[in-house]
Amino acid sequence: MSERNHSYPDWDDSVYGNGPTEPPKNRGALVALMLILIIFLCGIVTMLSLMNIRLFRELRTDKQEKDLAISFTTEPTEEAVNRIAPTQTPAPAAVSAPNATMNLQAAPKGVDNIPEGGGMSLQDIYTRNIPSVVSITCQGRRSASSGTGVVLSADGYIVTNAHVVENAYTYSVQLTDDRSFSARLVGCDDISDLAVLRIDCTDLTPAQFGDSSTLRVGDTVVAIGDPLGAAFRGTYTDGIVSAINRDVDINGRTMTLIQTNAALNSGNSGGPLINCYGQVIGINTMKIGAFTDTAGVEGLGFAIPSTQVKEIVDQIVAQGYVSGRPTLGITGEALSTFYQHYYRMPAGLYITEVDPGSDAAYKGIQEGDLLLYLDDTRIVSADDLRNAVYEYEVGEAVEAIIYSQGQQYRVELTLGEDVPNYG
């Protein structure tokens with residue numbers, strides 16, 4: 001209606017030279033995006049250029065330094081002479097040696113290292129004892145362990161540490177000549193940390209044991225063993241006796257040991273500590289390592305004196321156990337936090353086995369019960385039980401707190417003698 005009321009000139013066809021008379025589209029956003037992209041690309045190019053310039057300078061500097069490092073001259077150059085101040089005396093010219101090479105002279109065989117005042121050389125000590133040192137590997141249900149052992153007799157008896165064979169079900173012994181044998185456990189004593197294995201072999205080389213009571217601080221000693229496992233078996237280290245009759249707390253019990261700075265590591269356990277006459281005067285048992293101190297600790301190794309080894313080993317070989325060791329007749333394991341919450345049970349030692357001949361069995365303690373206390377000692381693990389029992393003598397009575405079927409009760413138990421059967 002409005003169009004009919006307007007008149008247009010004949011030349012106006014509502015189309016202009018640059019297109020229809022409709023308003024143009026707004027392309028400002030696209031232009032801004034292109035500008036940002038251009039600025040970004042320019043920044044990248046500038047950065048790469050700076051990096052190339054810096055890299056070129058560094059390469060040029062490195063080249064100059066390398067040229068300087070490997071450039072040698074037998075005489076000062078004229079430029080160097082001109083740089084010397086007039087008041088200074090020029091250094092004498094180096095002697096020209098156009099044929100200078102490094103010559104290797106024939107080296108004689110190493111001199112025997114013999115302790116002052118007598119004894120054997122370190123080389124002879126190793127030669128004598130290495131046939132008497134064996135590698136031990138053990139396999140348990142959930143874990144494996146390894147250590148070192150010392151031959152006691154030609155017919156297959158071998159001494160090692162109790163913690164090497166702990167919780168294991170199979171034992172393997174490898175000799176220095178690479179022969180391997182399955183072994184059986186003759187006996188084990190946790191208090192002394194000693195155990196005896198036996199293999200079916202009759203031509204072993206027994207070690208010669210010496211009396212550790214004659215040791216003095218400063219005596220030369222050496223150790224042979226398998227640090228970090230059989231891959232380094234037969235490793236030989238030397239040192240001195242750092243202390244004697246050193247009381248050391250191990251897992252809650254005190255042991256009197258020989259201290260040495262001869263290098264000992266995991267895998268040396270059960271190996272020999274040897275004096276300067278080639279005699280075994282101790283069985284290596286532990287070291288205090290860097291984990292004990294933020295600054296690190298080195299050179300603190302310990303061995304069981306041979307006098308103690310003889311007392312324990314003789315009993316194990318003769319009867320399979322050490323007389324006079326107390327036991328409650330209970331075997332157990334720690335109860336996990338999950339089971340404590342799930343079954344709403346207190347923390348304690350979950351009893352997995354009760355010796356039928358023990359007083360605990362006579363008093364009605366059963367598998368599945370929890371042992372919470374022995375007298376005033378809280379019991380939550382097998383180590384807690386073992387350490388608590390070792391504080392008493394065979395025949396003594398202790399008061400135990402037992403948790404059974406949702407109830408706690410007290411019971412007096414008499415300790416018996418630990419006579420294990422290793423089968």
Side-chain angles (χ1 to χ4, degrees), residues 110 113 120-140 143-154 156-186 188 193-209 221-239 258 260-275 278-287 289 298-299 301-304 306 309 313:
N113 187 338
M120 299 174 61
S121 70
L122 296 180
Q123 293 84 351
D124 288 341
I125 293 174
Y126 183 81
T127 301
R128 169 189 281 188
N129 283 276
I130 189 61
S132 304
V133 181
V134 302
S135 301
I136 299 174
T137 55
C138 306
Q139 185 66 51
S143 62
S145 61
S146 64
T148 308
V150 180
V151 176
L152 292 171
S153 65
Y157 285 95
I158 296 165
V159 62
T160 186
N161 284 146
H163 73 259
V164 171
V165 301
E166 185 178 22
N167 299 324
Y169 293 91
T170 62
Y171 317 92
S172 178
V173 172
Q174 185 176 17
L175 307 182
T176 306
D177 59 12
D178 290 331
R179 288 183 294 167
S180 294
F181 297 86
S182 295
R184 69 176 181 88
L185 182 62
V186 178
C188 181
D193 194 25
L194 290 170
V196 175
L197 299 173
R198 191 175 187 184
I199 62 175
D200 186 13
C201 186
T202 58
D203 61 348
L204 300 182
T205 302
Q208 182 182 105
F209 285 79
V221 289
V222 296
I224 305 177
D226 299 356
L228 306 182
F232 297 99
R233 67 191 182 104
T235 296
Y236 192 47
T237 56
D238 70 322
I258 302 167
T260 179
N261 67 341
L264 302 178
N265 290 283
S266 175
N268 277 105
S269 294
L273 188 69
I274 308 167
N275 65 12
Q279 300 171 317
V280 177
I281 44 83
I283 298 298
N284 299 318
T285 183
M286 65 162 291
K287 68 168 288 187
E298 294 296 336
F302 298 90
I304 305 166
S306 60
V309 175
V313 165

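Formation of a donor-acceptor pair under 3.5 Å by the T235 side chain with backbone atoms of F232 is found in this model. Not one N or O on the side chain of D238 forms a donor-acceptor pair closer than 3.5 Å with the backbone of V221. Side chain of R233 to main chain of L175: a donor-acceptor pair is present (N/O by atom type, distance under 3.5 Å, no hydrogens or angles). When atom types are taken as modelled, the side chain of T176 and the backbone of V133 share a donor-acceptor pair closer than 3.5 angstrom. Side chain of D193 to main chain of N161: no donor-acceptor pair is present (N/O by atom type, distance under 3.5 Å, no hydrogens or angles). In terms of modelled atom types and a separation under 3.5 Å, the side chain of S146 and the main chain of G267 share no donor-acceptor contact. Judged by distance alone, with hydrogens and angles left aside, the side-chain atoms of N284 form a donor-acceptor pair with the main-chain N or O of P272 at under 3.5 Å. Panel note: side chain T260, backbone G301; no donor-acceptor pair is recorded below 3.5 Å. A side-chain donor-acceptor contact under 3.5 Å links S121 to the backbone of D124. No donor-acceptor pair closer than 3.5 Å links the side chain of T205 to the backbone N or O of P131.
Of all heavy-atom pairs spanning A263 and N268, the tightest one is O-OD1, 4.3 Å. Residue L204 comes nearest to G156 through the heavy atom pair CD1-CA, 3.5 Å, listed as atom of the first residue, atom of the second, then distance. Residue V150 comes nearest to G271 through the heavy atom pair CG2-C, 4.0 Å, listed as atom of the first residue, atom of the second, then distance. Shortest non-hydrogen contact noted between L197 and A183 is CB-CB, 4.3 Å. Looking at every heavy atom in both residues, A195 comes nearest to L185 through CB-CD1, 4.3 Å. Minimum heavy-atom separation, V186 to Y157: CG2-CE2, 4.0 Å.
Separation of atoms CG (L152) and OG1 (T160) is listed at 10.5 Å; rounding is to 0.5 Å. For the atom pair CD of Q208 and CD1 of I281, the computed distance is 12.5 Å after rounding to the nearest 0.5 Å. Here the OG1 atom belonging to T148 is positioned 10.0 Å from the CG atom belonging to L264, to the nearest 0.5 angstrom. Distance OH/Y236 to CD1/I224: 6.0 Å, rounded to 0.5 Å. Taken from CG in N275 to CE in M120, the straight-line distance is 9.5 Å, to the nearest 0.5 Å. Note that the CE atom of M286 and the CD1 atom of I304 stand 11.0 Å from one another [nearest 0.5 Å].
In this view, F209 satisfies the ring-ring contact (aromatic ring centres under 6.0 Å, His included) rule with no residue, not counting sequence neighbours.
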Verdict with supporting geometry, R179 and D203, side-chain contact (heavy atoms from CB on, under 4.5 Å): CA-CA 12 Å; R179 288 183 294 167; D203 61 348; 3.4 Å; yes

Under the side-chain contact (heavy atoms from CB on, under 4.5 Å) rule, what do S269 and H163 come out as? Steps first, then yes or no, please. CA-CA 8 Å; S269 294; H163 73 259; 3.0 Å; yes

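The side-chain contact (heavy atoms from CB on, under 4.5 Å) with Y171 is formed by just one residue from the set I199, V165, I158; it is V165.
Proximity of L273 to V280: side-chain heavy atoms (C-beta onward) are nowhere separated by under 4.5 Å.
Annotation: D200, atom CG; neighbour count of heavy atoms from other residues, nucleotides and ligands within 6.0 Å does not exceed 12.
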